[in-house]
Amino acid sequence: MSDQIAPVTSPPTPAARLIRAGWLWSILNSVLSVVIFLALWEGLIRLFDVPVWLVPKPSDFLGRFLVDYPEILRNALATSVTLAAGFGLGVVIAVPLALLMVSIGALERGLYPVIVFLNIMPKTVIGPILIIWFGVSPLVSVLVVFLMCFFPVLVDSMHGFRAVDPRLDYITRSMGATPWQAFRYVRLPASMSHIFAGMRIGIVKAVEGVIIAEFIGSSAGLGFMIMRASSFMNMELLFCGLVAVAIVALIFNALLATSERIMMPWVRPR
Amino acid sequence: MSVGASINARGLTKSYGSGEGAFHALGPIDLDIKPGEFVSLIGPSGCGKSTTMLLVSGLEPPSAGSIAIDGRPLTKPITEIGIVFQDHLLLEFRTAMKNVLLQQEIRGLDRAESRQRAEHLFARLGLVGAEDRYPWQLSGGMRQRVSIARALVHDPSMLLMDEPFGALDAISRTQIRHDLEMLWLETRKTVLFITHSIDEAIGLSDRVFVMSRSPGRIVDEIKIDLPRPRPAHLGEYPDFAAYTKRIYSVFEKLGVYKFD
């Protein structure tokens, strides 16, 4: 045989890859940057002697995490549940809809203009309408999150389903594959990287959406806590809320990145 | 082991679109391929060679004419076939072995038996050690070998290949040509091999059909009477030169080549 196996290092085990490039490493990395950032902040505020009611130092509000952690944790949990529900709903509806729209031409022609219009419209304007319909309830936030992440997931999934080489269809048909088999064995995994790309954008939008929704129509969650702290000029709690939102966003991003690595072990390590 | 199928086509024609904008891609052509025969279609780009392959597999319906496989009229895609395209079309998310075993999973074949057949093919195609590699970890030649293994693992009666070595370098091409010939000698499937390469057509085939430019028709049929297995350097047969000259002269007559 003339051509040899390309000299590449043997693929690492999934567990090794998780540790090397996964959440552990990314968390360690971010913790370090955050610590440096906080130290700079603390130093600058002390240097210029800025009052607490204007900009609190990390030493002012980090202590509040210890004192107020039941309240912060409760609200962070409420936000996370809303986020997970809205995001999950978005993915569960967007991916099958994308497949339907790509498969049925008439459906795409009919629905796509509406979707483009809804996508361009700022989703948060629906908030006040949702409050009238559903009252001040977690449902409003869930629906706003759903709307925020739905479109990026839909658009990227459609792109992914369409990007599958049509000749693969010849190959699966020559194998006698049923439409379900062709989807399950070829089309879905082949589109997975696009679907995840959509979800990565979607989760960022979803975090944005959940906080705004909690600002306007909620009685729980970090957005609600921040709004209340703001009205009481409680700068320390407000900044705690800010940090807590960032942590929630970080955790969701890390969860997504980890599930991507588990579900797509074939991806070439970068 | 399943023996090769016969292919008989009458008045095969394919047009795309309709009315003024219709494009007449192929035919009418007649094809008669005996069980276990290795037949090449050679012709200029866009002459309808690939279309012929899709029609013979039943993956596309003809606009006119009919095909019979083993005497049975073809009405839907046949599954007793293996297909290899110019691009390997392997699934990037499956390892080489799992790409081949996709046949087993979709067809619901016996796993152990298919695995054994796949391992045999890997050995015959020089793929030992590549089983657990993803396509991006393999060279172009290796990927195409995996693609050939995928087309054969379910023991089909017919192998359809659409310029399978077109994207490979000349050296890998000569080697993979030989490996394919050896594999074919072992199993004697019916092979319809589509190519641009005169060397490849003569080096592999029992018969070569020469096609005209679009809309493709069969303008010459050449029986290649060379001993097998054929060597890497075909030039040592005087007949090879004669066959080559005949194909070139057909192409010149058709205006595919213009040499002054």
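A quick note: this is a predicted structure, and the numbers were derived from the prediction, not measured.
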| task | First locate atom CZ of A/Arg173, then atom CD1 of B/Ile78, and finally report the distance between them rounded to the nearest 0.5 Å. | result | 12.0 Å

| query | Which one, A/Ser193, A/Ala177, A/Ala190, leads in non-hydrogen pairs under 4.5 Å with chain B? | reply | A/Ala190

| request: Would you mind checking which part of B/Ile176 comes under 4.5 Å of any heavy atom in chain A, side chain (CB onward), backbone (N, CA, C, O), both or neither? | output: neither

| message | Are more than 12 heavy atoms, taken from residues, nucleotides or ligands other than A/Met121, located less than 6.0 Å from that residue's CE atom? | response | yes

| request: Search all heavy atoms of B/Ile83 against all heavy atoms of A/Ser174 and return the closest pair with its distance. | output: CD1-CB, 3.8 Å

| said: Please determine whether the number of non-hydrogen atoms from other residues, nucleotides or ligands lying under 6.0 Å from atom NZ of A/Lys123 exceeds 12. | reply: yes

| task | Evaluate the side-chain proximity of A/Tyr170 to B/Phe85: yes if any heavy-atom separation is below 4.5 Å, no if none is. | result | yes

| Side chain, backbone, both or neither of B/Phe93 within contact of chain A (heavy atoms, under 4.5 Å) | both

| field | Neighbour count >12 (heavy atoms, 6.0 Å) for atom OH, B/Tyr16 | value | yes

| request: Look at the side chain of B/Arg107 and the backbone N and O of A/Gly176, then say whether any donor-acceptor pair between them is shorter than 3.5 Å. | output: no

| request: For residues B/Leu91 and A/Val186, report the shortest heavy-atom separation together with the two atoms involved. | output: CD2-CG1, 3.9 Å

| field | Residues, nucleotides or ligands: over 12 heavy atoms within 6.0 Å of B/His196 NE2 | value | yes

| request: May I ask you to name which of B/Thr79, B/Ile106, B/Thr174 has the most heavy-atom pairs under 4.5 Å with chain A? | output: B/Ile106

| query | Only one of B/Leu89, B/Val84, B/Leu102 forms a side-chain contact (heavy atoms from CB on, under 4.5 Å) with A/Ile171, so which one is it? | reply | B/Leu89

| task | Could you tell me which non-hydrogen atom of A/Tyr185 sits nearest to which non-hydrogen atom of B/Arg94, and how far apart they are? | result | CD2-NH2, 3.4 Å

| message | Minimum heavy-atom separation for B/Arg150 and A/Met175, please, with both atom names. | response | CD-CE, 4.0 Å

